[in-house]
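Index from 1, following the sequence.
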Amino acid sequence: MKLENERLCIAISEQGAEVTRIYDKKRGIELLWNADPAYWKRHSPILFPNVGKTYRNTVRINGTQYPTSQHGFARDNMFKCISVKEKEASFLFLSNEETKEVYPFEFELVITYTLEKNMLHVKWEVKNPGNETMYFTIGGHPAFCFAKDGEKKTDYVLRFPGQKSLDYILVNLDEAAADPEKVYKLELSGECCPLSEEMFARDALIFDGGQIEEVWICHKDGSPYVGMKCEGFPNFGIWSVKDAPFVCLEPWMGRCDDVGFADELSEKPNVNKVGPGEVFEQSYTIVVGK
């Protein structure tokens, strides 16, 4: 599936409703990571019904323990394209007997992509056709590759408009869960901080408390490369792989479990709740630098 206007060319796969290409026609640049498995085999997966890992790969729902996989199962399933317009497409994934073995809720997950000028709007809808309240987290995970072959993280900076500093936590690698006990300060100079390999030595940087509503990957001279606008997201992740020529900007509605979390899913911080017949909606926008 392709969406195209005078500025951008977008490709979307029904596998996971994943955007697989964002091509900037004006600058002649591929913006989205090519999924080379030498570093990371994905482009921009949808994370549902859990973002990251649950503690010890299990989740408790109504007193029953269920096994989970990192980032949930939506990214590994086929969606159905249910609507196509000139610059917009929607994709649907329904709960089924297989999903209910690990996540006992009925749901309808709709992902809509809308192309507008130099922007790609991403909208999530989670509909609850069942008769009990459902709980979930959901997130985006687009990986933006560098503009030129041979460029490294040190050729770029992150810019957080309007911010002087940000607080973040890291992953406890032994437990594969977030460690909220130690909070780190990301100091900014002129709203910016340099990218580096060392930044991701302990996996993702996790920003809680709705701190990030806009973030840009910029060239070292400060010129904007690609950015994201994501108002209303309580959590955000920034991630990469050692020596990989990409950076992921990840808007999250809820996130991975903290070390030791063993309560009901309904008690998880920032978990989303949708009652019978209700619909959850959230959106973010990828913006290509002019």
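Side-chain contact between M1 and V84 is present, with at least one heavy-atom pair separated by less than 4.5 Å. Here the side chains of L205 and M199 are in contact, with some heavy-atom distance below 4.5 Å.
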Begin from the C-alpha positions of F136 and W252 and carry the test ring-ring contact (aromatic ring centres under 6.0 Å, His included) through to its verdict. CA-CA 11 Å; F136 63 93; W252 298 333; over 10 Å; no
So T137 and N270, side chain to side chain contact (heavy atoms under 4.5 Å, CB included) or not? Walk me through it. CA-CA 8 Å; T137 57; N270 297 127; over 6 Å; no
Run the ring-ring contact (aromatic ring centres under 6.0 Å, His included) test on Y156 and H219 for me, step by step, so that the C-alpha distance in whole Å, both residues' side-chain angles and the decisive distance to 0.1 Å come before the verdict. CA-CA 5 Å; Y156 290 83; H219 298 284; 5.2 Å; yes
Begin from the C-alpha positions of D221 and S223 and carry the test side-chain hydrogen bond (donor to acceptor under 3.5 Å, both in side chains) through to its verdict. CA-CA 6 Å; D221 64 3; S223 59; 2.7 Å; yes
Stepwise side-chain hydrogen bond (donor to acceptor under 3.5 Å, both in side chains) check, S90 with T112: CA-CA 4 Å; S90 295; T112 299; 2.7 Å; yes
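Under the 6.0 Å cut-off for aromatic ring centres, W124 and F280 do not qualify, their centroids lying 6.0 Å or more apart. Proximity of the aromatic rings of F79 and F93 is defined here by a centroid distance below 6.0 angstrom, and this criterion is met. You'll find the ring centres of H141 and W40 inside the 6.0 Å limit.
If you take OH on Y225 and CG on D24, they are separated by 8.5 Å, rounding to the nearest 0.5 Å. Note: S69 OG to Y103 OH = 13.0 Å, rounded to the nearest 0.5 Å.
Note on K152 versus E197: no salt bridge recorded, every NZ/NE/NH1/NH2 to OD/OE distance being 4.0 Å or above. D243 and K153 are not joined by a salt bridge, as no carboxylate oxygen comes within less than 4.0 angstrom of a charged side-chain nitrogen. A salt bridge links R56 and E175; the closest N-O separation between the charged side-chain nitrogens and carboxylate oxygens is under 4.0 Å. We find that D167 and K185 are joined by a salt bridge, their nearest charged nitrogen and carboxylate oxygen being less than 4.0 Å apart. With respect to R42 and D76, a salt bridge is recorded, a charged nitrogen being found less than 4.0 Å from a carboxylate O. Using a 4.0 Å cut-off between charged nitrogen and carboxylate oxygen, K53 and D257 do not count as a salt-bridge pair.
No hydrogens or angles considered: nothing links the side chains of H43 and T20 as a donor-acceptor pair under 3.5 Å.
Between F91 and Y113, the ring-plane angle classifies as perpendicular under the 30° and 60° cut-offs. The aromatic rings of F160 and F207 sit tilted relative to each other, their planes meeting at an angle between 30° and 60°.
Across every non-hydrogen atom of F105 and T133, the tightest pair is CE2-O, 3.3 Å. Nearest heavy atom pair, residue P104 against residue E132, reads O-OE2, 4.0 Å.
Each of T54, T58, N50 was compared with T68 under the side chain to side chain donor-acceptor pair (under 3.5 Å) criterion, and only T54 meets it. For the side chain to side chain contact (heavy atoms under 4.5 Å, CB included) criterion with R7, the lone passing option out of R27, K117, E116, M119 is R27.
Side-chain N or O atoms of E125 include none that pairs as donor or acceptor with a backbone N or O of L109 at under 3.5 Å.
With sequence neighbours excluded, the residues satisfying salt bridge (charged side-chain N to carboxylate O under 4.0 Å, His left out) with K85 are E88.
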